[in-house]
Every structure is written in structure tokens, then in C-alpha cells.
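Everything on this sheet refers to the single structure shown next.
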There are 2 protein chains.
Amino acid sequence: MPSIITDLRPSPESSAIVRKLGAMTLLSELEIDFLESLQHNTVNVPAGMDFIEDGNDFNATFFVRSGWAIRYVKLGSGRRQILSYALPGDVLGLHVNFRRKASYSAAALTDLELAVVDPLRTIEISQNYPVLAAGLSWCTAREFAILGDQAVRLGRLSASERLCHLMLELWHRLRLVGDVDGPWFDMPMTQEVLADTLGLSHVHINRQMQKLKSGGLISVDKRRVRLNDIEKLIALSEFDVKHLAEFRL
Amino acid sequence: MPSIITDLRPSPESSAIVRKLGAMTLLSELEIDFLESLQHNTVNVPAGMDFIEDGNDFNATFFVRSGWAIRYVKLGSGRRQILSYALPGDVLGLHVNFRRKASYSAAALTDLELAVVDPLRTIEISQNYPVLAAGLSWCTAREFAILGDQAVRLGRLSASERLCHLMLELWHRLRLVGDVDGPWFDMPMTQEVLADTLGLSHVHINRQMQKLKSGGLISVDKRRVRLNDIEKLIALSEFDVKHLAEFRL
DNA sequence: CGGCCAATTGATTAAACTCAATCTGCGTGG
DNA sequence: CCACGCAGATTGAGTTTAATCAATTGGCCG
């Protein structure tokens with residue numbers, strides 16, 4: 001019996017979306033195969049390139065297979081607000097069927113491997129694969145919670161709280177798809193990008209990062225970060241793990 | 001021919017969700033009747049009362065029939081961030097099927113009339129009423145855009161820009177369900193609530209509102225606001241109407 | 001007439017921004 | 001192998017926006 005269950009669990013070489021959904025529910029081989037077959041049409045986007053542009057026609061759904069993307073809004077005066085990060089296993093444009101044009105831009109933060117899926121196939125999912133349909137619905141609910149957390153950071157947390165809160169979010173999200181190394185994880189964004197995520201200036205980001213490092217809360221090596229005391233970071237930034245971890249199926 | 005079409009349009013006494021979906025697409029009588037029948041089980045929530053609590057079990061979907069609600073997160077230190085307003089025609093908890101507990105709280109801002117719907121009936125919708133399913137999906141995409149705009153306000157707009165941007169959003173959203181009176185609309189929140197929406201202190205809200213009034217951009221009478229120059233307000237706050245108006249069906 | 005909540009005002013403080021250099025790591029062409 | 005160039009990180013100084021604290025006022029209801 002246990003062997004059957006482990007056989008059904010996604011293997012490390014599964015695509016990220018399979019690892020993610022597989023971490024919350026048991027997927028059958030049929031469902032895994034279908035999810036993988038959805039992703040046959042892939043495209044590589046080099047770091048820095050936009051692949052969704054605010055106001056443009058938006059006719060595809062993207063599954064992130066590897067790499068990081070940012071979803072952002074550009075303001076006229078040179079300002080930019082990053083709304084969220086798309087990590088491996090995330091899906092962009094799930095509800096694109098009902099929107100003619102994009103209301104945000106998206107760019108590759110690192111080199112990116114995307115699967116391009118015809119959004120009409122999500123209808124096929126909801127009709128033939130109820131577990132996957134539930135999984136995608138769960139992804140939607142989770143994205144809402146993540147964007148809500150982003151609003152909380154921007155509206156009511158101090159600079160250092162914002163930083164801790166964001167790093168905790170990223171660590172938890174990456175852990176779900178197996179992209180962390182214990183307390184270490186890649187954080188491939190520049191301080192400029194971090195600033196546009198957290199609604200701060202890059203100068204202030206720099207100083208607050210130094211404070212966190214010298215306070216021993218985090219360690220940084222190149223573009224990798226180590227969360228040295230997750231409990232303390234959670235308390236310090238009022239992070240709520242439930243927003244990311246809650247699910248039902 | 002035109003008479004048939006006008007017959008199909010939702011009449012003013014339709015429920016708010018019918019007015020909202022009817023404003024973006026043509027609903028058949030069958031669809032309208034079904035939407036109305038969903039809302040037979042109603043409940044009245046007095047102003048100030050919470051009806052969804054962060055962390056609690058969350059087993060219902062709510063259709064707002066009349067009144068305003070706020071969706072918010074409470075932080076330990078007495079801070080609060082309001083994530084969004086639920087206006088007549090809005091739906092709360094569409095994706096509740098796949099989440100055991102709420103990741104936010106919701107409270108009645110005014111006296112509120114809600115329809116309480118078993119979330120399992122949304123499955124019935126997607127199977128039997130494709131146009132309504134598309135309509136609800138459109139609502140979801142729109143909620144995302146609205147929450148994204150909220151993040152932009154909080155992260156990258158100045159205090160006065162935030163105020164103008166929010167009032168434009170509310171005016172456009174209310175207009176869709178017929179709850180505006182030309183350039184006038186109800187804005188039933190206190191300055192305290194406004195502050196927790198826009199990530200500012202109520203003192204600062206007060207001063208910025210005075211500046212907008214004395215600048216002639218808005219007029220205020222009790223809890224009603226008049227947008228005196230919508231084009232100027234849009235330019236001033238970098239508001240993007242497309243985020244709310246774009247749709248396809 | 002209180003009582004109370006919300007709005008308003010004034011004064012001071014603090015967090016974060018801007019501007020302007022400087023420094024560092026790294027890849028590249030000579 | 002080295003000088004150069006460049007993007008990103010870091011630092012310092014002065015400024016601005018908005019927060020905080022503390023009253024005071026206004027409107028409304030019982």
C-alpha cells in the first residue's frame with residue numbers, strides 16, 4: 001500500500017506545477033500525465049524581457065516551469081509597482097478568457113521557461129479533471145491571499161517588516177515546489193526590484209537589509225539568502241503562514 | 001427586434017449582481033431567473049458587524065445585494081489594512097471551496113443585505129450556465145485587477161493621488177451597478193476607515209481631503225462626494241480605466 | 001443637556017526620500 | 001593579463017512626507 005502512494009507522488013523531475021499541486025493533494029497518474037501534456041509547447045524568455053504588456057491583447061495562459069517572473073504596473077512618471085512574483089509552478093493568466101487586454105505587465109526576472117497553454121483548455125480541465133480544476137481554483141485563492149499580503153506589507157508594515165515578510169513569503173512558496181535549500185533560497189532580484197516591490201527607495205532597501213544582516217536575522221551570499229530564525233522573523237513581521245498553507249481537498 | 005433586447009436587459013429592480021453582469025453581456029431570462037433564485041437565502045448584517053473572520057472556517061459564498069462591506073486584515077499591534085470594498089453586485093468567497101479557513105476578515109461598513117449561497121452551487125453554475133460561469137470568472141479577473149490597483153496606490157502613489165485614485169475606482173464600480181448620481185456618489189466610510197484603506201493616518205487623510213476640496217477637484221456633502229473633473233482626477237492619479245472596464249464575452 | 005464619535009487643528013517627531021558620490025564585482029576587448 | 005565600462009551596491013547629507021501626540025470642535029442622538 002505505501003508503495004502505491006509513493007509511486008503516485010510526483011517525482012523530483014516532475015514539472016513545477018505538478019510538484020506544487022502534488023504537495024497539497026494526491027494526483028493520479030492520469031492527472032499528472034495530463035498536466036505534463038499541457039506543457040508541451042514551451043518558450044524560453046531571457047532575463048529582463050517582457051512577455052505580457054499592460055494594455056496589449058492577452059490570449060495565452062502561462063505555466064512557469066523554471067525561473068522567476070515579476071508582474072508589475074508601470075506608471076507614467078517612471079514609477080513602477082511590482083504586484084507579485086511568479087515562481088516555478090505558478091500560473092499566469094488563468095482568467096484570461098474573460099479579459100481582452102492585460103491589466104498588468106510581466107517580465108522575466110531570471111531566464112525563464114514557460115509553457116504556453118491555450119486558455120480554452122482550462123475548460124477541458126474543469127470538465128474532465130475535477131481534481132485539477134479544484135487545484136487551479138486553489139491556486140487562484142492562494143494568489144488572492146498573496147496579493148492581499150502584498151497590500152498589507154505596502155499599507156501597514158514598516159520597511160524592515162516589509163522585507164522580512166516578503167522573504168518569508170518567498171521562502172514558503174519556494175519550499176512548496178522544492179526550490180529551497182533548508183533555510184537558504186535564491187533571491188535573484190536587485191535592490192532596485194526589491195524597492196519597487198515594497199514601495200520603498202533602493203537606498204532605503206540597502207540600509208534596511210544591512211540592519212537585518214547585522215542583527216543576525218538573515219545572511220546573504222551573492223543572490224542567496226538564509227533565514228536565520230524563522231520564528232523570530234514571523235513574529236517581527238506579523239507574517240501569517242496560514243494565508244499560504246491553508247487548503248482543503 | 002430592439003424590444004426583445006430591451007426586454008432581456010435587467011430592469012432596475014433586478015438584484016445588483018444581475019445589473020452588473022447584465023451591463024457587460026446579454027443575459028437570458030433563464031440566466032437571470034437562476035441568478036435571482038440563488039439569492040433566496042438572505043441575511044441582514046448591521047453596520048460594523050464582522051461576518052467573515054480571519055482564521056475561522058469559511059463555508060459560504062456571499063452575494064452583496066445592497067450596502068458596502070470591507071475586506072481587511074487585522075495586525076497584532078492594532079494596525080489594520082483594508083484590502084478592498086465589496087459593493088452591491090460583488091461576490092465574496094467565490095473560491096471558498098478550496099480553502100478551509102478565511103485569510104481575511106470582512107465587516108459591514110453600512111447595513112448590509114447579503115445572499116448566502118452554498119459554494120457547491122457554483123459547480124452547478126459552471127456546468128449548466130456557461131454564460132454565468134464566464135461572468136463569475138470575469139468577476140474574479142476584475143477583483144484581481146482591483147486588488148492590483150490597491151497595491152499600486154499603497155506602494156507608489158502619494159497621499160493625494162491615493163485618494164483620487166480610490167474615489168475614481170469607487171465611482172466607476174458603483175456606476176456599473178447604477179449606484180451613482182451623475183458625478184455624485186455615496187462614500188460611507190469614516191476618515192479612519194479611509195486611512196486604513198490607503199495606508200495613511202486619519203489626520204493626514206483629513207488634511208489631504210481638505211486640499212482636494214479647496215482645489216475644487218471634489219465636493220463633499222455629508223457622506224456624499226462629487227467628482228468635479230474626472231479627466232483631471234484621472235490624469236492626477238494615473239488611474240487606468242481599462243483595469244475596470246476591460247472585458248470580453 | 002450630555003455623551004460620543006468623527007472631524008479638525010497645531011506642534012513636534014520620525015521614517016523614508018532624494019541627490020550625489022563612491023565603491024565593487026565582473027565580463028570584455030585589446 | 002590588464003584596463004575599461006557598467007550595473008548594482010553602498011555611503012553621506014539634507015529634505016520631504018507623513019506619523020504621532022494632544023487638544024479642540026462639530027454634529028447627532030437619546
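Throughout, a chain's letter reflects where its sequence line sits, starting with A, and its residues are numbered from 1. Note that this is a predicted model, so its numbers are computed, not measured.
- Residues in residues 85-96 of chain A take part in these salt bridge (charged side-chain N to carboxylate O under 4.0 Å, His left out) pairs, two or more places apart or across chains: A:K20-A:D90, A:D90-A:R173.
- For the contact set between residues 157-167 of chain B and DNA chain D, defined by any heavy atom under 4.0 Å, the members are B:S158, B:A159.
- Rounded to an integer number of Å, the gap from NZ of B:K211 to P of C:dT9 is 13 Å.
- A:Q81 contributes no side-chain N or O that, together with a main-chain N or O of A:Y72, makes up a donor-acceptor pair within less than 3.5 Å.
- By the 4.5 Å heavy-atom criterion applied to side chains, B:L194 and B:H202 are not counted as neighbours.
- For residues 68-87 of chain B, proximity to DNA chain C is found at no residue, defined as any non-hydrogen atom under 4.0 angstrom from a strand atom.
- No donor-acceptor pair under 3.5 Å is formed between the side chain of A:H165 and the backbone N or O of A:E161.
- For the side-chain contact (heavy atoms from CB on, under 4.5 Å) test, residues two or more places apart in sequence or in another chain that qualify with A:Q191 are A:I205, A:N206.
- When the P atom of D:dA18 is taken as reference, atom CD of B:Q208 falls 6 Å away, rounded to whole Å.
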Under 3.5 Å, which donor-acceptor pairs do the side chains of residues 211-221 of chain A form with other protein atoms, sequence neighbours left out?
from   : atom 1 : to     : atom 2 : distance (Å)
A:S214 : OG     : A:Q210 : O      : 3.2
A:S214 : OG     : A:K211 : O      : 3.2
A:S219 : OG     : A:N228 : OD1    : 3.4
A:S219 : OG     : A:N228 : ND2    : 2.9

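- To the nearest angstrom, P of C:dC17 lies 6 Å from NE2 of A:H204.
- B:G48 comes within contact range of no nucleotide atom at all, as no heavy-atom separation falls under 4.0 Å.
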Donor-acceptor pairs under 3.5 angstrom involving side-chain atoms of residues 40-49 of chain A: please list them, not counting sequence neighbours.
none

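- With hydrogens and angles disregarded, a donor-acceptor distance shorter than 3.5 Å links the side chain of B:R156 to the backbone of A:L200.
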What does the list of N/O pairs under 3.5 Å between the protein and nucleotides 26-28 of chain C look like, with a distance for each?
from   : atom 1 : to     : atom 2 : distance (Å)
C:dC26 : OP1    : A:K222 : NZ     : 3.4

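- Closest to the B:S201 side chain, of the nucleotides C:dA16, D:dA19, C:dT18, is D:dA19.
- The C1' atoms of five pairs define one axis at each end of the helix from C:dC1-D:dG30 to C:dG30-D:dC1, and these two axes lie 30° apart (to 10°).
- Taking A:D54 as the reference, nothing meets the salt bridge (charged side-chain N to carboxylate O under 4.0 Å, His left out) condition, with sequence neighbours excluded.
- Of the possible polar contacts, one joining the A:D229 side chain to the A:K232 backbone as a donor-acceptor pair under 3.5 Å is found.
- Annotation: side-chain contact (heavy atoms from CB on, under 4.5 Å) contacts of B:Q39 (sequence neighbours excluded): B:S15, B:I17, B:E36, B:F63, B:R65, B:A115.
- At distances below 3.5 Å, at least one donor-acceptor pair connects side-chain atoms of B:R19 with backbone N or O atoms of B:V177.
- Residue pairs meeting the salt bridge (charged side-chain N to carboxylate O under 4.0 Å, His left out) criterion with at least one member in residues 183-192 of chain B, sequence neighbours excluded, are B:D186-B:R224.
- The ring of A:Y104 has its center no closer than 6.0 angstrom to the ring center of B:H243.
- If you take CG of A:D221 and P of C:dG25, they are 13 Å apart, rounded to a whole angstrom.
- Following rounding to the nearest Å, A:L200 (CG) and D:dA18 (P) show an atom-to-atom distance of 14 Å.
- Between the side chain of B:Q208 and the main chain of B:S158, no donor-acceptor pair closer than 3.5 Å is present.
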Tabulate protein N/O versus nucleotide N/O from nucleotides 8-12 of chain D, keeping only pairs under 3.5 Å, one per line.
from   : atom 1 : to     : atom 2 : distance (Å)
D:dG8  : O3'    : A:R223 : NH2    : 3.3
D:dA9  : OP1    : A:R223 : NH2    : 3.1
D:dA9  : OP2    : A:Q191 : N      : 2.9
D:dT10 : OP2    : A:Q191 : NE2    : 2.8
D:dT10 : OP2    : A:N206 : ND2    : 2.6
D:dT10 : O5'    : A:N206 : ND2    : 3.1
D:dT11 : OP2    : A:Q210 : OE1    : 2.6
D:dT11 : OP2    : A:Q210 : NE2    : 2.8
D:dG12 : N7     : A:R207 : NH2    : 2.3

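- Inter-residue side-chain proximity for A:D240 and A:V152 is flagged as unmet; no heavy-atom pair is nearer than 4.5 Å.
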